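Read through the structure below, which is laid out as structure tokens, and then see the notes.
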Amino acid sequence: MTHFTSTDVDRWLSQCSEDKKQMPAFERHIYLLDDVVVKKRLEEGEKGYRGFEPEFDTLEKRDENEILAMEQVKKYTDIPVPDLLYRGEGYNVFRRIPGKTLYHPDHWEALHLNQRASIRLQVQSLIRKLWCIPTPITGQYSVRSLVPSGEIFRKRQLNDVGPFPSTATFMAANSGKPGIDEINPLSIPVFSHLDWDLSNIILAPNMDTVVGVVDWERACWFPEAGKSMHAVANHWEGWETLFDGLEFPVR
């Protein structure tokens, strides 16, 4: 991580005004400055957009998980992710990847069908590239995140967040939750972003090319690359087909 002075940090924080936010704050204030992005956690008891209740008990762990995940992505793949510039108390500063994000449904709907198809194919390629990232415990097919506790950061979608020694044990603990029982129990957990929301994908100005991926806080080793979680969490019309046609590794 590059060294920065307190003057640099003070300058960044002084620029974190409401007009620098691209989207409402649900669990963090995200400020897009000229060259950096400041992600600041909401404080305990503070509610997010439209009364959203943040998961305060996991926020700090998710910040750590994001940093660890991006280290692995940089080590094993060529997927462009932001550089961490500074870790502060309750906030992190990342180098900004130039480009555009689709943070509103109107932006997605305005794209030509060929553009949408191209973005889908590119993201599918990124999903496959992540599978080369090895699990932390050699010889095990564990379902877990990168932080020491190993929990999966999908509390709202799961009964039990683990970690688990196998896909089968994960499925048994979460049977009945949407999408879980459709997973192949022989599926090998692979490294997954676990939040392929379009707002986490940075596109080139022509909106044809993926130039970066952000928001890795939920990344983990997960069966079928997180297809079941995407089916539950996706709210973009036409983006529910992201995982269609992918063949996942099995034992």
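Just so you know, these numbers come straight off a predicted model, no measurement behind them. These values consider heavy atoms only, across backbone and side chains, with no hydrogens, waters or symmetry-generated copies.
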Given 3.5 Å as the limit, does a donor-acceptor pair link the side chain of E27 with the main chain of G48, or not? no
Residues that E217 engages under side chain to side chain donor-acceptor pair (under 3.5 Å), provided they are two or more places apart: R28, R62
List the residues meeting side-chain contact (heavy atoms from CB on, under 4.5 Å) with S118, not counting sequence neighbours, and say none if there are none. Q122
Would you please name every residue forming a side-chain contact (heavy atoms from CB on, under 4.5 Å) with K20, sequence neighbours left out? S17, Y31, L33
N65 side chain vs L146 backbone, donor-acceptor pair below 3.5 Å: yes
Neighbour count above 12 (heavy atom, 6.0 Å) for R50 CZ: no
Test side chain to side chain contact (heavy atoms under 4.5 Å, CB included) applied to D34 and Q15, step by step: CA-CA 10 Å; D34 290 340; Q15 295 174 9; 5.6 Å; no
Quick check: does any side chain N or O of E182 sit under 3.5 Å from a backbone N or O of S228, one acting as donor and the other as acceptor? no
Minimal heavy-atom distance between E66 and D215, with the atoms involved, is OE2-CA, 3.2 Å
Would you please test I201 and L126 for side chain to side chain contact (heavy atoms under 4.5 Å, CB included) and show each step? CA-CA 11 Å; I201 299 166; L126 302 183; over 6 Å; no
On the 0 to 90° scale, with breaks at 30° and 60°, tag the F170-F222 ring pair as parallel, tilted or perpendicular. perpendicular
Under a 4.0 Å threshold between the charged nitrogen and the carboxylate oxygen, would D63 count as salt-bridged to K39? no
Heavy-atom nearest pair, C220 first then L194, reads SG-CD2, 3.5 Å
Are W12 and Y86 close enough that some pair of their side-chain heavy atoms sits under 4.5 Å apart? yes
Do any N or O atoms from the side chain of S187 and from the backbone of E224 form a donor-acceptor pair under 3.5 angstrom? yes
Side-chain touch T167/P189, heavy atoms, less than 4.5 angstrom: yes
With a cut-off of 6.0 Å (strictly less than), are more than 12 heavy atoms of other residues, nucleotides or ligands near CG of D35? no
Measuring from atom CG of N174 to atom CG of D181, what distance do you get when rounded to the nearest 0.5 angstrom? 9.5 Å
Check against salt bridge (charged side-chain N to carboxylate O under 4.0 Å, His left out), E18 and K21: CA-CA 6 Å; E18 287 297 313; K21 293 183 182 179; 3.1 Å; yes
Looking only at atom types and distance, does a side-chain atom of H230 sit under 3.5 Å from a main-chain N or O of W239, one as donor and one as acceptor? yes
Student check: side-chain heavy atoms of V73 and V213 closer than 4.5 Å: no
Any residue meeting side-chain contact (heavy atoms from CB on, under 4.5 Å) with T241, in chain and number order, not counting sequence neighbours: R120, D244
For a quick test of reading the model, state the closest non-hydrogen atom pair linking W131 to F248 and the distance between them. CZ2-CD2, 3.7 Å
Run the numbers on T7 and D10 for side chain to side chain donor-acceptor pair (under 3.5 Å), then give the verdict. CA-CA 5 Å; T7 301; D10 290 343; 5.7 Å; no
E60, CD atom: more than 12 neighbouring heavy atoms under 6.0 Å: no
I want to check something: taking the side chain as every heavy atom from C-beta on, are L242 and Q124 in contact at a cut-off of under 4.5 Å? yes
Sorted by chain and residue number, the ring-ring contact (aromatic ring centres under 6.0 Å, His included) partners of F153 (sequence neighbours excluded) come out as none
Donor-acceptor pair, R144 side chain versus S149 backbone, under 3.5 Å? no
Is any side-chain heavy atom of R154 closer than 4.5 Å to a side-chain heavy atom of D195? yes
Donor-acceptor pair, distance only, cut-off 3.5 Å: does the side chain of T58 make one with the backbone of K61? no
Report the C-alpha separation of E64 and R87 in whole Å, then their side-chain angles, then the decisive distance to 0.1 Å, and conclude whether the salt bridge (charged side-chain N to carboxylate O under 4.0 Å, His left out) test is met. CA-CA 10 Å; E64 178 67 20; R87 298 183 69 173; 2.6 Å; yes
H193 side chain near N200 side chain, heavy-atom distance below 4.5 Å: yes
Return the set of residues passing side-chain contact (heavy atoms from CB on, under 4.5 Å) with E43 (not counting sequence neighbours), or none when no residue passes. K40, E46
Can you find a pair of side-chain heavy atoms, one from I133 and one from T77, that are under 4.5 Å apart? yes
List the steps, then state whether side chain to side chain contact (heavy atoms under 4.5 Å, CB included) holds for Y141 with W221. CA-CA 9 Å; Y141 299 110; W221 286 269; over 6 Å; no
Residue pair V214, T101: steps toward the side chain to side chain contact (heavy atoms under 4.5 Å, CB included) verdict: CA-CA 10 Å; V214 299; T101 56; 5.8 Å; no
Hey, does the side chain of S14 reach the backbone of R11 with a donor-acceptor pair shorter than 3.5 angstrom? yes
